[in-house]
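Below is one structure; the comments refer to it alone.
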Amino acid sequence: MNLQELTMLYNFKDRTIAITGGAGVLGGEMACALVGCGANVVILDRDMALAEKLLHRFEPTACGRAIVVYGDVLKRDTLEQARAVIMHEFGRLDGLINAAGGNRPDATTSPDRSFFDLPEEALRFVFDLNLMGTILPSQILGQLMAQRGEGVILNVSSMNAFRPLTRIAAYSAAKAGVSNFTQWLAVHMAQEYSPRIRVNAIAPGFFLTEQNRFLLTDQQSGALTPRGETIITHTPMQRFGTPEDLLGAVLWLLSSASAFVSGVVIPIDGGFSAFSGV
Ligand SMILES: NC(=O)c1ccc[n+]([C@@H]2O[C@H](COP(=O)([O-])OP(=O)(O)OC[C@H]3O[C@@H](n4cnc5c(N)ncnc54)[C@H](OP(=O)(O)O)[C@@H]3O)[C@@H](O)[C@H]2O)c1
């Protein structure tokens with residue numbers, strides 16, 4: 001394979017990729033990169049204003065196209081409507097990134113809120129958003145891939161799936177479920193539908209975004225909390241990740257450069273998961 005053939009692997013022209021939570025910090029960065037590489041990107045989110053704002057971030061020279069479609073990952077009917085829009089606009093779906101997810105302060109233990117006091121509603125919300133919010137889009141949009149016998153699903157797991165982090169019980173359990181489901185679906189799709197359908201996940205380490213800012217930085221001063229400091233101390237690269245740090249792995253897993261890779265969960269964590277602490 002020569003350089004031109006290699007770089008063509010990352011040319012996403014005429015390929016359609018849907019991103020749940022596509023208006024968020026990490027999903028938005030993936031959307032920009034994919035449009036830049038020529039893909040048709042479907043930004044699925046609940047916050048239409050935020051999603052529309054993202055459209056202005058695309059480089060004028062980008063060769064792909066993006067559309068914003070309402071989709072709540074916990075509401076089947078909205079995902080079915082989104083599926084109809086995708087088929088009407090593009091006639092096919094090549095890839096799905098399940099990026100919607102997150103944690104909530106009231107599902108997090110703290111000096112003021114013990115594990116025994118975490119409200120059931122908050123625990124269910126976080127568990128459902130991350131796990132069911134990955135399974136439902138995989139059913140409804142993954143079916144298009146099963147029908148065509150081709151496609152790629154990329155889930156967003158987390159460091160806490162390998163070993164749970166303190167304080168975030170439901171989020172850790174849900175992301176462990178996402179990693180497990182990734183392996184399950186990879187086998188199921190290949191055996192029952194087509195070996196040309198691949199399912200993988202990335203497990204980002206620590207990226208400072210709205211969902212974890214309250215845990216990692218002091219609200220008033222912006223300085224690192226003791227938890228934020230511990231994370232940096234345990235990250236051999238000595239920093240939080242930036243959204244662009246995810247792009248190499250995302251493009252690789254969505255492209256045919258990873259044609260023989262399925263059922264894996266790739267840590268993108270500055271070495272956090274490799275470090276014993278000593
Ligand atoms: N940041 C990190 O350090 C980190 C580390 C590991 C894994 N992750 C994972 O990476 C993914 C993206 O996180 P992020 O940091 O980019 O967070 P983010 O900026 O909050 O993005 C999440 C997006 O998901 C959307 N969303 C929430 N509930 C939804 C629903 N029911 N249906 C559709 N969309 C929904 C949010 O929109 P709304 O505004 O409507 O809520 C938001 O646009 C998440 O799965 C997260 O768990 C993040």
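Order of listing sets the numbers, starting from 1, for every ligand and every atom in it. Count residues from 1 along the sequence. Only this structure's heavy atoms are used, side chains among them; waters, hydrogens and symmetry mates stay out.
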In one Ile/Leu/Val/Met/Phe/Trp/Tyr side-chain cluster, 4.5 Å: L253, F12
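Yes; tracing contacts between hydrophobic side chains, which count when under 4.5 Å, links both residues.
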Going by the side chain to side chain contact (heavy atoms under 4.5 Å, CB included) test, name the single residue among I168, T225, L208, I231 that passes it with L215.
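For L215, the side chain to side chain contact (heavy atoms under 4.5 Å, CB included) test succeeds with only one of I168, T225, L208, I231, which is I168.
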Relative to each other, are the rings of Y193 and H188 parallel, tilted or perpendicular (30° and 60° limits)?
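Y193 and H188: perpendicular rings.
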Within the protein, residues bringing a heavy atom under 4.0 Å of ligand 1, chain by chain:
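Protein residues near ligand 1 are G21, A23, G24, V25, L26, D45, R46, G71, D72, V73, A99, A100, G101, G102, L129, N130, V156, S157, S158, Y171, K175, P204, G205, F206, F207, T209, Q211, N212.
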Using the test side chain to side chain contact (heavy atoms under 4.5 Å, CB included), find all partners of L6 that sit at least two apart in sequence or belong to another chain.
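M1, L9.
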Just by distance, no angles: are the side chains of T78 and R46 close enough, under 3.5 Å, to form a donor-acceptor pair?
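No donor-acceptor contact under 3.5 Å links the two side chains.
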Judged by modelled atom types alone, do S157 and N155 share a side-chain donor-acceptor pair under 3.5 Å?
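Note: S157 and N155 side chains miss the donor-acceptor criterion.
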